[in-house]
Protein chains: 2
Amino acid sequence: MTSQAEENYLKAIFKIAEKENKAVQTNAVAAAMQTTAASVTDMLKRLAEKNLIAYEKYRGVQLTDAGCRLATDLIRKHRLWEVFLVEKLGFAWDEVHDLAEQLEHVQGDELVQRLDTYLNNPRFDPHGDPIPDAEGRWEFRPQTLLANLEPGEQGIITGVQEHSSAFLQYLGQVGLTLGVSLQLVERIDYDQSVRVRLHDARELTLSEKVSKNLFLKIENT
Amino acid sequence: MTSQAEENYLKAIFKIAEKENKAVQTNAVAAAMQTTAASVTDMLKRLAEKNLIAYEKYRGVQLTDAGCRLATDLIRKHRLWEVFLVEKLGFAWDEVHDLAEQLEHVQGDELVQRLDTYLNNPRFDPHGDPIPDAEGRWEFRPQTLLANLEPGEQGIITGVQEHSSAFLQYLGQVGLTLGVSLQLVERIDYDQSVRVRLHDARELTLSEKVSKNLFLKIENT
DNA sequence: TAAAATTTTTAGACCAACCTAAAAATAAAA
DNA sequence: TTTTATTTTTAGGTTGGTCTAAAAATTTTA
Ligand SMILES: [Mn+2]
Ligand SMILES: [Mn+2]
Ligand SMILES: [Mn+2]
Ligand SMILES: [Mn+2]
């Protein structure tokens with residue numbers, strides 16, 4: 001009973017609410033959905049009518065439990081399909097998002113269940129993002145931006161902040177994929193770029209932009 | 001540039017044209033799509049506008065080359081996904097149609113290509129229906145209805161005419177799946193039911209309805 | 001060939017999902 | 001606290017896809 005458009009709005013609201021800790025604004029949703037504020041207001045009314053969001057004019061929106069559950073299921077499906085596309089079909093991690101964006105709307109609880117099993121119940125997707133379980137829960141995994149590491153500290157790449165194809169492709173090219181371990185050698189004061197050493201002793205210089213979009217789990221050395 | 005609704009109409013027209021060898025009637029499409037003739041006429045105009053069908057008022061429709069290609073691609077995707085669902089996810093052959101009906105609309109040539117490779121380029125789906133190749137071609141496989149076999153003749157099950165869940169489930173229960181070989185023992189004059197002998201010497205009585213919906217490849221004994 | 005039955009199209013509406021432009025409410029600045 | 005700027009909503013319109021009821025075309029029957 002929920003259209004693809006409705007599902008996409010719920011997911012967008014969920015993701016905005018995840019970051020900012022307040023009622024989600026109309027304009028924020030419009031930006032995320034690449035549409036107009038007027039269209040968003042329109043949809044918010046429909047979603048409120050279906051009790052998927054709590055909506056008060058001019059005051060922003062919040063997902064209800066039902067809405068939150070729907071969004072979480074959608075994210076679960078999105079990420080499971082991404083795992084499938086990378087692990088089984090051999091796509092690169094920068095090629096799967098748009099396909100998953102379509103596949104996530106395929107309805108069928110049994111399908112999701114079987115897909116999950118087939119993929120060995122993965123807990124993270126190809127970008128390091130957590131996959132909710134069938135009950136909509138996921139574990140918190142502490143991670144730090146490379147930009148926040150101190151010189152000498154070491155970590156394993158666990159995820160990305162940006163998901164753009166350009167960024168993911170760049171990372172792949174220089175060998176910075178999930179699970180790779182690296183050490184911060186030094187941070188240049190002038191432009192906040194960083195020098196890192198990889199496991200094979202190879203050294204790389206990364207811009208501030210990169211270091212602010214790369215998540216690591218700090219390792220005790 | 002083609003919506004899911006448009007794709008479904010094209011597929012319906014294609015399948016009707018496959019059987020009856022004349023222009024496809026509005027009412028036939030309406031029946032297949034479970035909708036009204038008025039809605040069909042509406043859609044036919046849109047499809048003609050896009051040059052996907054040749055449409056002349058009151059005279060029925062025919063797919064253009066472009067429309068035919070689109071329908072074929074859709075059928076290819078539908079059947080490949082059915083193979084995936086059965087072979088990889090372990091669904092039964094009576095459970096996959098509705099899911100494939102959704103999955104066939106996912107856009108992405110690369111996806112279809114990779115899926116095909118992943119499944120080892122199957123040429124038939126779980127119901128014995130041929131899968132078009134990437135160029136939209138498929139081979140003809142001669143097959144006969146069980147109803148048309150002579151007593152004493154033997155064959156291997158290659159497909160079904162009906163695709164209803166009830167029929168497929170029944171066949172599964174009595175062990176009549178693709179590849180099973182059987183021999184026609186006798187046909188009862190009274191109700192046209194048939195007695196068949198399986199490879200393990202087990203005998204089954206099948207109604208006329210069943211025998212008119214089961215395809216076999218006749219084997220020379 | 002004229003009348004009746006069937007098939008198909010048109011007319012007119014509805015809903016979901018979008019849009020632009022204008023109005024209203026809220027927040028920020030003076 | 002006014003004025004100004006920003007945000008949000010409303011008003012009104014478009015498109016795709018559907019519907020029912022009525023009109024028109026075609027086919028069948030008498
Ligand atoms: Mn993604
Ligand atoms: Mn992802
Ligand atoms: Mn099917
Ligand atoms: Mn099939």
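Each chain gets a letter, A, B and so on, in the order its sequence line appears, and its residues count up from 1. These numbers come from the heavy atoms of this one structure, side chains and all, not from hydrogens, waters or symmetry mates. As the structure is a prediction and not an experimental result, all values here were calculated from the model.
- Put simply, NZ on K50(B) is 12 Å from C1' on dG17(D), counting in whole angstrom units.
- In this structure the side chain of L178(A) reaches within 4.5 angstrom of the side chain of W93(A), judged on heavy atoms.
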Would you list the protein and nucleotides 2-4 of chain D atom pairs, both N or O, that sit under 3.5 Å from each other?
none

Decide yes or no on salt bridge (Lys or Arg N to Asp or Glu O under 4.0 Å) for D116(A) and R76(A), but give the supporting numbers first.
CA-CA 10 Å; D116(A) 190 31; R76(A) 169 171 162 78; 3.3 Å; yes
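- In this structure, K88(B) satisfies the cation-pi test against Y118(B), with its NZ or CZ atom closer than 6.0 Å to the six-membered ring centre and inside 45 degrees of the ring normal.
- Residues H163(B) and H127(B) bring their aromatic ring centres within 6.0 Å.
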Run the ring-ring contact (aromatic ring centres under 6.0 Å, His included) test on F84(B) and F91(B) for me, step by step, so that the C-alpha distance in whole Å, both residues' side-chain angles and the decisive distance to 0.1 Å come before the verdict.
CA-CA 9 Å; F84(B) 168 74; F91(B) 278 101; 9.0 Å; no
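- Ionic pairing of E208(A) and K212(A) is present here: one or more N-O contacts between side-chain nitrogen and carboxylate oxygen are shorter than 4.0 angstrom.
- A salt bridge between K77(A) and D73(A) is absent, with no side-chain N of the basic residue lying under 4.0 Å from a carboxylate O of the acidic one.
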Donor-acceptor list for residues 103-112 of chain B side chains, cut-off 3.5 Å, not counting sequence neighbours:
residue: E104(B); atom: OE1; partner: K11(B); partner atom: NZ; Å: 3.1
residue: E104(B); atom: OE1; partner: H78(B); partner atom: ND1; Å: 2.8
residue: E104(B); atom: OE2; partner: K11(B); partner atom: NZ; Å: 2.9
residue: H105(B); atom: ND1; partner: E7(B); partner atom: OE1; Å: 2.5
residue: H105(B); atom: NE2; partner: N8(B); partner atom: OD1; Å: 3.0
residue: H105(B); atom: NE2; partner: E101(B); partner atom: O; Å: 3.3
residue: Q107(B); atom: NE2; partner: E7(B); partner atom: OE2; Å: 3.1
residue: E110(B); atom: OE2; partner: R114(B); partner atom: NE; Å: 3.0
residue: E110(B); atom: OE2; partner: R114(B); partner atom: NH2; Å: 3.3

Strictly under 4.0 angstrom, non-hydrogen atoms only: write out the protein contact profile of nucleotides 8-24 of chain C, one letter per nucleotide from the 5' end, B, S or -.
BBB-----SBBBB---B
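- For the ring pair (Phe, Tyr, Trp, His ring centres under 6.0 Å) test, no residue two or more places apart in sequence or in another chain qualifies with Y9(A).
- Interface residues of residues 99-107 of chain B facing DNA chain C, ordered by number: none; criterion, heavy-atom separation under 4.0 Å.
- In terms of the salt bridge (charged side-chain N to carboxylate O under 4.0 Å, His left out) criterion, K15(B) has no residue partners (sequence neighbours excluded).
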